[in-house]
Amino acid sequence: MPSKPDLLSEESLLAGTVQDRQKAAILADALPYLRRYAGDTIVVKYGGHAMREGALAETFGRDISLLKLVGINPIVVHGGGPQINDMLAKLSIETRFVDGLRVTDRSMIEVIEMVLAGTVNKQVADLISRAGALAVGISGRDGQLIQARKLRHRRRGGGGGGEEAGEEVDLGFVGEPESVDPRVLYALLGTGLVPVVAPVGGSAGGEVYNINADTAAGAIAGAVQASRLLMLTDVAGVLDQDGNPIEELTAEQARRLISEGHITGGMIPKVETCIKAVENGAKAAVILDGRVAHACLLELFTRAGPGTLIKAD
């Protein structure tokens, strides 16, 4: 008696064929975008949920590796606030924040540099290297990449600490980029490596400053005239009045939304960073929802990624 055909195997084969065709179609659809960005430099600010959640972190490493392997030049600038908090807690060092900025004394900056330029920096580089593209971790102090100056911060609102709104607050060793010399980045990119940058900068006088990762990424994106600055965040981009993400804004439109009070809170410095980046040479900046798997690939290789694109006027 002849045996019955293995229906399960046939169904599996058919399903596999359909899946393969879908993958081929996706690759074909991505071709125009691959050609568009071939040889371009993309700066990615890596932080938030995408950095803390294990599966998303592994996906991020593979995605950055893929960008490099298809001929795009990614530069990764990472944060590390939770890791810094953990280390300071272990050392029983108290932390105070003003408007979301960490007040940093001399002993604290040593710990911050150790965590950012050491543990976190090498972990991020390893994520990418294990996925197939060789990544090298550096900090803003290497090759005088980021020359920093002390950040002079004026309090955005009253409450706590007794400071008045608008009053200048001494944040200690918290800095902002004064200039960016990208030669060390070009050297790494030119040898096929992916630079992974810790946001620590040095001053002309030899002081070390902790720099907000968003700000550092924006300054680097402008200096290298990146095709895109991708800012991975824990939000779905800039939202309209109905709570839906706005796909695209000009710098002027973004400024108007800030002045009208539509963009508020922690979104303001992110949008301002994007505006400054495009005004200083980046072609466009995107506030991207890093909670979405493959957010960078969706933004670069599909018609509309999960975020808000900001371009020059």
* Asked: Leu101: what forms a side chain to side chain contact (heavy atoms under 4.5 Å, CB included) with it, not counting sequence neighbours?
  -> Leu151, His153, Leu171
* To do: Among residues two or more places apart or on two chains, list those pairs meeting salt bridge (Lys or Arg N to Asp or Glu O under 4.0 Å) that have a residue in residues 284-295.
  => Asp289-Arg291
* Determine, step by step, whether Leu185 and Ile220 satisfy the side-chain contact (heavy atoms from CB on, under 4.5 Å) criterion, reporting the C-alpha distance in whole Å, the side-chain angles of both residues, the deciding distance to 0.1 Å, and the verdict. => CA-CA 10 Å; Leu185 299 176; Ile220 289 172; 3.8 Å; yes
* Structure fact -> Here the pair of heavy atoms bringing Gly218 nearest to Ala277 is O-CB, 3.7 Å
* Structure fact -> Residues passing the side-chain hydrogen bond (donor to acceptor under 3.5 Å, both in side chains) test with Gln144, sequence neighbours excluded, are none
* To do: Scan for salt bridge (Lys or Arg N to Asp or Glu O under 4.0 Å) pairs involving residues 191-212, sequence neighbours excluded, and state none if there are none.
  => Arg106-Glu207
* **Min side-chain heavy-atom separation Leu230-Ile42 under 4.5 Å** => yes
* Heavy atoms of other groups near Lys150 NZ, more than 12 under 6.0 Å -> yes
* Donor-acceptor pair, Thr59 side chain versus Ala57 backbone, under 3.5 Å? -> no
* Sequence neighbours left out, what passes salt bridge (charged side-chain N to carboxylate O under 4.0 Å, His left out) with Asp234? Give chain and number order. => Arg52
* To do: Sequence neighbours left out, what passes side-chain hydrogen bond (donor to acceptor under 3.5 Å, both in side chains) with Asp240? Give chain and number order.
  => none
* Backbone of Arg256 reached by a side-chain donor or acceptor of His262 within 3.5 Å -> no
* Given the rule in the side-chain contact (heavy atoms from CB on, under 4.5 Å) test, do Leu88 and Val111 qualify, once you have shown the distances and angles that lead to the verdict? -> CA-CA 7 Å; Leu88 292 175; Val111 176; 3.8 Å; yes
* Please assess Arg102 against Asn85 for the test side-chain hydrogen bond (donor to acceptor under 3.5 Å, both in side chains), listing each intermediate value before the final yes or no. => CA-CA 10 Å; Arg102 188 190 307 273; Asn85 291 339; 2.8 Å; yes
* Cluster overlap Leu300 with Ile64, hydrophobic side-chain contacts below 4.5 Å -> yes
* What's the shortest heavy-atom distance between Leu116 and Val200, and which atoms? -> CD1-CG2, 4.0 Å
* Asked: Is the side chain of Thr302 donor-acceptor paired with the backbone N or O of Leu298 at a distance under 3.5 Å, no angle test?
  -> yes
* Using a cut-off of 6.0 Å, state whether more than 12 heavy atoms not belonging to Glu260 lie near its atom CD. => yes
* **Cluster overlap Ile109 with Ile211, hydrophobic side-chain contacts below 4.5 Å** => no
* Quick one: does Leu232's side chain get under 4.5 Å of Lys45's, heavy atoms only? -> no
* To do: Could you tell me whether a side-chain N or O of Ser129 sits under 3.5 Å from a main-chain N or O of Ala135, the two making a donor and an acceptor?
  => yes
* **With Arg130 via salt bridge (charged side-chain N to carboxylate O under 4.0 Å, His left out) - residues at least two apart** => Glu58, Asp126
* **Sub-4.5 Å side-chain heavy-atom contact between Gln253 and Leu257** => no
* Asked: So do Thr233 and Leu288 actually touch side chain to side chain, heavy atoms under 4.5 Å?
  -> no
* Structure fact -> Taking every heavy atom of Val292 against every heavy atom of Leu56, the minimum-distance pair comes out as C-CD2, 4.4 Å
* Structure fact -> For Asp181, the side chain to side chain contact (heavy atoms under 4.5 Å, CB included) test, sequence neighbours excluded, returns Arg183
* To do: Output yes when a side-chain donor or acceptor of Thr308 lies under 3.5 Å from a complementary backbone atom of Gly237, and no otherwise.
  => no
* **Contacts of type ring-ring contact (aromatic ring centres under 6.0 Å, His included), residue Tyr46, not counting sequence neighbours** => Phe60
* Structure fact -> By side-chain hydrogen bond (donor to acceptor under 3.5 Å, both in side chains), Thr95 pairs with (sequence neighbours left out) none
* **Expected output: side-chain Lys122 to main-chain Gly137 donor-acceptor under 3.5 Å** => yes
* Is it true that a side-chain atom of Ser65 and a backbone atom of Ala133 form a donor plus acceptor pair closer than 3.5 Å? -> yes
* Asked: Between Asp40 (side chain) and Ala226 (backbone), is there a donor-acceptor pair under 3.5 Å?
  -> no
* Asked: Is the side chain of Asp142 donor-acceptor paired with the backbone N or O of Ser139 at a distance under 3.5 Å, no angle test?
  -> yes
* Structure fact -> Those residues at least two apart in sequence (or on a different chain) that pass side-chain hydrogen bond (donor to acceptor under 3.5 Å, both in side chains) with Glu176 are Arg149
* **Closest non-hydrogen atom pair, Val224 against Pro182** => CG1-CB, 3.7 Å
* Which residues share a salt bridge (charged side-chain N to carboxylate O under 4.0 Å, His left out) with Lys68, sequence neighbours left out -> none
* Backbone N/O of Pro269 and side chain of Asp214: donor-acceptor pair under 3.5 Å -> no
